[in-house]
Colleague: 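Before anything else, here's the structure in question.
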There are 2 protein chains.
Amino acid sequence: MDTAAPLPQEGTLPSSGHTDVPAGASIAADCPAVNDVLARVGDKWSMQVVMTLADGPVRFNALRRAIDGISQRMLTRTLRALERDGLVVRAVTPSVPPRVDYSLTELGRSLREPVRALGAWAIAHRAAIEAARADFDRREA
Amino acid sequence: MDTAAPLPQEGTLPSSGHTDVPAGASIAADCPAVNDVLARVGDKWSMQVVMTLADGPVRFNALRRAIDGISQRMLTRTLRALERDGLVVRAVTPSVPPRVDYSLTELGRSLREPVRALGAWAIAHRAAIEAARADFDRREA
DNA sequence: CAGTATCCAGCAGGATACTG
DNA sequence: CAGTATCCTGCTGGATACTG
């Protein structure tokens with residue numbers, strides 16, 4: 001799994017100041033905007049939707065089939081929320097039957113990058129996380 | 001009605017070296033691990049805690065005061081969840097009164113980076129998001 | 001096809017009180 | 001100080017039925 005980084009547990013010794021992170025780290029946490037975005041991005045379906053739209057416009061039911069497990073209600077709600085935040089645009093083609101395509105805005109596209117970084121982290125460390133959980137649960141039980 | 005957004009169809013053809021995202025974008029979405037991490041990271045307090053611990057070990061009540069708004073119950077729960085996932089370690093000093101320090105593990109520290117990226121995105125685009133919301137709400141009302 | 005409306009279960013999360 | 005225990009509320013999200 002990971003590269004067995006030799007970095008010691010900085011947590012064990014508070015005496016020697018700290019390690020590497022300047023106070024600037026706070027930019028990412030104490031600001032309410034971050035928590036806000038995390039809440040939007042962290043819900044059950046938003047990022048699934050954004051990533052499914054990453055390759056281009058997708059119709060409502062195609063989206064629904066692509067995501068697997070999402071209910072019609074939640075897809076609608078999620079899309080509306082994303083649209084409200086300017087991450088997604090809704091394009092209606094008035095035909096019979098009606099056709100509605102959803103696609104990412106430039107803002108929405110810019111979100112893919114940090115999310116992909118988080119996704120990469122998740123994939124890189126999932127094994128470590130699962131191992132930690134198993135370990136914790138074993139000790140707990 | 002909308003601003004005649006020219007619907008950027010980047011996904012339809014990979015011919016012109018387009019922007020930046022290969023088909024590999026799917027790595028970040030269809031995998032359940034990502035959703036899982038997003039759920040953990042996206043809850044109300046986890047990232048606040050991780051970022052507060054970024055500078056080194058912090059005691060329980062110090063953490064509680066630092067985060068502002070978190071209830072004792074939620075701090076305990078959040079810390080337990082983070083500990084279970086191997087992101088945080090709990091160090092007990094058996095004294096009277098008892099002293100418990102929490103700090104990030106190497107895994108937890110590695111999480112700061114992608115989270116900081118997301119935080120940077122949030123800060124960079126919060127204005128755009130709020131504008132989009134106001135716009136949407138105005139149209140909606 | 002692309003929604004809206006309604007109902008309902010479950011859990012996140014706050015408030016409060018008590019304990020080693 | 002660092003929790004645990006209990007109660008309670010609101011929101012998230014699923015299921016189902018109906019509509020333009």
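Sequence lines set the chain letters: A, B, ... in the order given, protein chains first and strands last, and positions in each chain run from 1.
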Colleague: Given D:dA2, C:dC1, C:dG3, identify the nucleotide with an atom nearest to the side chain of A:N61.
Modeller: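 Closest of the options to the side chain of A:N61: C:dC1.
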Colleague: What's the verdict on salt bridge (Lys or Arg N to Asp or Glu O under 4.0 Å) for B:R116 and B:E113, showing C-alpha distance, side-chain angles and the deciding distance?
Modeller: CA-CA 5 Å; B:R116 217 178 290 132; B:E113 247 190 56; 5.8 Å; no
Colleague: Any salt bridge between A:R109 and A:E106, counting N to O under 4.0 Å?
Modeller: yes
Colleague: A:R99 has an atom CZ; how far is it from atom C1' of C:dC1, in whole Å?
Modeller: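 One finds 11 Å between C1' of C:dC1 and CZ of A:R99, rounded.
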Colleague: Counting just side-chain N and O atoms, does A:R90 come under 4.0 Å of either OP1 or OP2 of C:dA2?
Modeller: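 Negative; the distance criterion is not met.
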Colleague: For A:M47 and B:N35, what are the C-alpha separation, side-chain angles and deciding distance, and is it a side-chain contact (heavy atoms from CB on, under 4.5 Å)?
Modeller: CA-CA 8 Å; A:M47 285 306 103; B:N35 206 329; over 6 Å; no
Colleague: Listed by chain and number, what are the side chain to side chain donor-acceptor pair (under 3.5 Å) partners of A:D135, not counting sequence neighbours?
Modeller: A:R138, A:R139
Colleague: Is A:R133 salt-bridged to A:E130, cutoff N-O under 4.0 Å?
Modeller: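 Between A:E130 and A:R133 there is no salt bridge, as every charged N stays at least 4.0 Å from the carboxylate O atoms.
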Colleague: Rounded to the nearest Å, what distance is computed from the CG atom of residue A:L63 to the C1' atom of nucleotide C:dG3?
Modeller: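 Roughly 13 Å, once rounded to whole Å.
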Colleague: Given atom CD of B:E83 and atom P of D:dA2, what is their separation to the nearest angstrom?
Modeller: 15 Å
Colleague: With sequence neighbours left out, which residue pairs that include part of residues 121-141 of chain B fulfil the ring-ring contact (aromatic ring centres under 6.0 Å, His included) condition?
Modeller: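 For residues 121-141 of chain B, and leaving out neighbouring residues, the ring-ring contact (aromatic ring centres under 6.0 Å, His included) pairs sorted by first residue read B:W121-B:H125.
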Colleague: Pick the closest DNA chain C nucleotide for A:T76 and for A:P97 by heavy atoms, then say which residue is nearer the 5' end.
Modeller: A:P97
Colleague: When every nucleotide of nucleotides 9-20 of chain D is labelled 5' to 3' by its protein contacts under 4.0 Å (heavy atoms), B for base, S for sugar-phosphate only, - for none, what sequence of letters results?
Modeller: ---SBBB-B--B
Colleague: Would you mind listing every salt bridge (charged side-chain N to carboxylate O under 4.0 Å, His left out) that reaches into residues 56-78 of chain B, with sequence neighbours excluded?
Modeller: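 Every candidate salt bridge (charged side-chain N to carboxylate O under 4.0 Å, His left out) pair involving residues 56-78 of chain B fails, so no pair, neighbours aside, qualifies.
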Colleague: Tell me, please, which residues at least two apart from B:R90 pass side chain to side chain donor-acceptor pair (under 3.5 Å).
Modeller: B:Y102
Colleague: Figure out the CG/P separation between B:L79 and D:dT4, and round it to whole Å.
Modeller: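 My rounded result for the distance is 10 Å.
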Colleague: Just to confirm, is there a sub-4.0 Å distance from OP1 or OP2 of D:dG3 to any side-chain nitrogen or oxygen of B:Y102?
Modeller: yes
Colleague: Rounded to the nearest angstrom, tell me the gap between atom CG in A:D101 and atom P in C:dC1.
Modeller: 13 Å
Colleague: Could you go through A:V41 and A:L111, starting from their C-alpha distance and side-chain angles, then the distance that decides it, and tell me whether this counts as side-chain contact (heavy atoms from CB on, under 4.5 Å)?
Modeller: CA-CA 10 Å; A:V41 157; A:L111 219 201; 4.1 Å; yes
Colleague: Using both pair distances under 3.5 Å as the test, note the stems of at least 3 consecutive Watson-Crick or G-U pairs that include DNA chain C.
Modeller: C:1-20 with D:1-20
